[in-house]
Amino acid sequence: MHTIRQIVGLVKKDLMLEWRQKYTFYGLLLYAASTVFVMYMLLHQPADKVWNALFWITLLFISVNAVAKSFLQETAGRMLFYHQLCSPEVFMIGKMLYHVLLMAFMSVVCWLLYLWFLGNPLIKLGYFVGICLLGGSSLGIAFSLLAAVASRAGQSAALMAILGFPIMIPLLLLLTRVSQVAFQEVYQPGLTKMFWMLGSLDVFIVALSLILYPFLWKN
Amino acid sequence: MKTYWWKALCVVLLLYTLIAGLLMPVPAKDILNETIRNLHFHVPMWFTMIILFGISCVSSIQYLSSGRLQKDIVAVQSANVGLLFGILGLITGAIWANYTWGAPWSDDIKQLCTAIALLMYFAYFVLRNSFTDLDKRARVSAVYNIFAFAMLFPLLFIIPRMTDSLHPGNGGNPAFSQYDLDNELRKVFYPAVIAWMLLGLWITEIRIRMRMLELKSLLS
């Protein structure tokens with residue numbers, strides 16, 4: 001009970017910080033909007049496959065920025081403060097939950113922007129939104145530990161991209177495969193298997209992050 | 001002398017691999033023809049790479065639990081040599097593919113996954129070099145090393161099985177065991193695997209000893 005209250009407190013604190021320092025959040029929204037606008041200027045109405053690939057790449061870049069920002073705003077002094085308040089696992093779970101919320105919101109925003117600018121090739125809207133929420137939160141979870149590693153090295157976005165992109169490829173491959181069904185009536189063999197793989201990959205990453213994060217925290 | 005026996009074994013087996021692997025009779029198959037000999041040079045590279053990355057991951061875990069810098073040196077050097085074997089495996093595969101698939105690089109999922117795996121370990125070295133503090137470098141890079149090795153498994157063992165591939169053993173293509181009806185290839189293949197693994201361990205051992213000496217002179 002106590003740990004749950006701690007986790008809720010941490011997530012609430014992150015959300016409150018977001019509300020009070022709105023400029024970083026608006027910065028993120030503007031980042032998404034201008035990325036999608038650049039895509040629109042270059043491609044106008046792309047083919048289904050291109051639309052799908054571009055969507056996940058955009059989400060990948062948004063998640064790098066969103067997650068890096070949340071870890072970078074924690075100064076060394078504040079980390080010491082958290083250290084006295086809660087265990088590293090609780091801190092990591094709190095961060096991950098916050099990233100899931102943030103990325104779920106950002107992926108819906110990204111999806112709306114894509115519909116607005118690049119046209120709507122989707123035939124299963126609800127299905128795609130579901131995949132989108134799942135994919136966005138998976139990316140948020142997967143980048144959490146990498147953001148902690150990169151923030152330890154003192155430099156964020158560039159290092160995070162180097163560390164993260166190769167690791168995200170299995171995730172992105174699965175997501176593009178799964179979301180293909182939303183574009184046309186195709187028979188996709190092994191769809192449920194892919195969902196299981198996606199879910200188990202997420203659980204695996206969460207477990208690994210919780211095991212490894214305490215070692216990163218020590219100074 | 002007794003500690004050198006495996007090095008002698010390595011040299012003998014390597015000589016045997018080179019001579020027998022290139023001269024022994026092989027099953028003559030369409031398209032493959034003599035390129036089947038690449039089995040003795042290409043496949044052991046991957047075994048060695050996985051073993052060395054595994055050693056690297058285990059030493060990283062040991063470093064995190066003990067905090068001894070020696071373990072960090074073992075982790076780095078085995079990752080280093082593992083990377084070398086990975087690159088060699090990619091090159092031998094590309095040469096083979098040039099004669100059998102018609103192009104050195106054909107976007108086959110196996111090739112792509114290998115490239116991704118190598119990128120992950122290159123990132124490990126970039127991460128290491130971004131620190132100046134020895135202990136901090138060792139700890140943070142150990143965390144990333146364990147994470148990367150764990151993520152290697154979905155990459156090497158799950159994704160390639162999801163899609164079709166031209167690679168022997170995938171997508172309905174026979175693996176070497178189906179070609180090898182009279183066990184002719186096995187006589188060379190198994191010694192070759194042991195030989196290349198021993199060579200990898202040997203190189204790693206020398207590099208570790210070099211770094212240990214450097215560390216000793218640094219700390220004294």
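Proteins come first, then strands; the chains are lettered A, B, ... in the order of their sequence lines, and each starts at number 1.
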Heavy-atom cut-off 4.5 Å, strictly under: side chain, backbone, both or neither for B/F147 against chain A?
both
If you count heavy atoms of other groups shown closer than 6.0 angstrom to NZ of A/K12, is the number above 12?
no
Select one option (side chain, backbone, both, neither) describing which atoms of A/F165 are under 4.5 Å from chain B's heavy atoms.
neither
Are more than 12 heavy atoms from other residues, nucleotides or ligands located less than 6.0 Å from atom CZ of A/F195?
yes
What's the shortest heavy-atom distance between A/P166 and B/I116, and which atoms?
O-CG2, 3.3 Å
Answer with side chain, backbone, both or neither: which region of A/I211 has an atom nearer than 4.5 Å to a non-hydrogen atom of chain B?
neither
Distance, nearest 0.5 Å, that separates CZ of B/F122 from CG of A/L163
14.5 Å
Enclosure of A/W196 CH2 (heavy-atom neighbours >12, cutoff 6.0 Å):
no
Determine, step by step, whether B/Y144 and A/L212 satisfy the side chain to side chain contact (heavy atoms under 4.5 Å, CB included) criterion, reporting the C-alpha distance in whole Å, the side-chain angles of both residues, the deciding distance to 0.1 Å, and the verdict.
CA-CA 9 Å; B/Y144 179 74; A/L212 291 175; over 6 Å; no
Do you know which of B/L118, B/V126, B/L127 has the most heavy-atom pairs under 4.5 Å to chain A?
B/L127
Using a cut-off of 6.0 Å, state whether more than 12 heavy atoms not belonging to A/H44 lie near its atom NE2.
yes
Does atom CZ of B/F125 have more than 12 heavy-atom neighbours, drawn from other residues, nucleotides or ligands, at distances under 6.0 Å?
yes
Measure the spacing between CE of B/M151 and CG of A/L208 and express it to the nearest 0.5 Å.
8.0 Å
Whether over 12 other heavy atoms sit under 6.0 Å from A/F61 CZ:
no
Counting distance only, does the side-chain N/O of B/R139 pair as donor-acceptor with the main-chain N or O of A/F215 below 3.5 Å?
yes
Which value, rounded to the nearest 0.5 Å, describes the distance between A/I169 atom CD1 and B/L112 atom CG?
8.5 Å
If you count every heavy atom of other residues, nucleotides or ligands that lies below 6.0 Å from A/K13 atom NZ, does the total exceed 12?
yes
Does the side chain of A/I162 reach to within under 4.5 Å of the side chain of B/Y124, using non-hydrogen atoms?
no
Residues that A/V36 engages under side chain to side chain contact (heavy atoms under 4.5 Å, CB included), provided they are two or more places apart:
A/T58, A/L113, A/Y114, A/F117
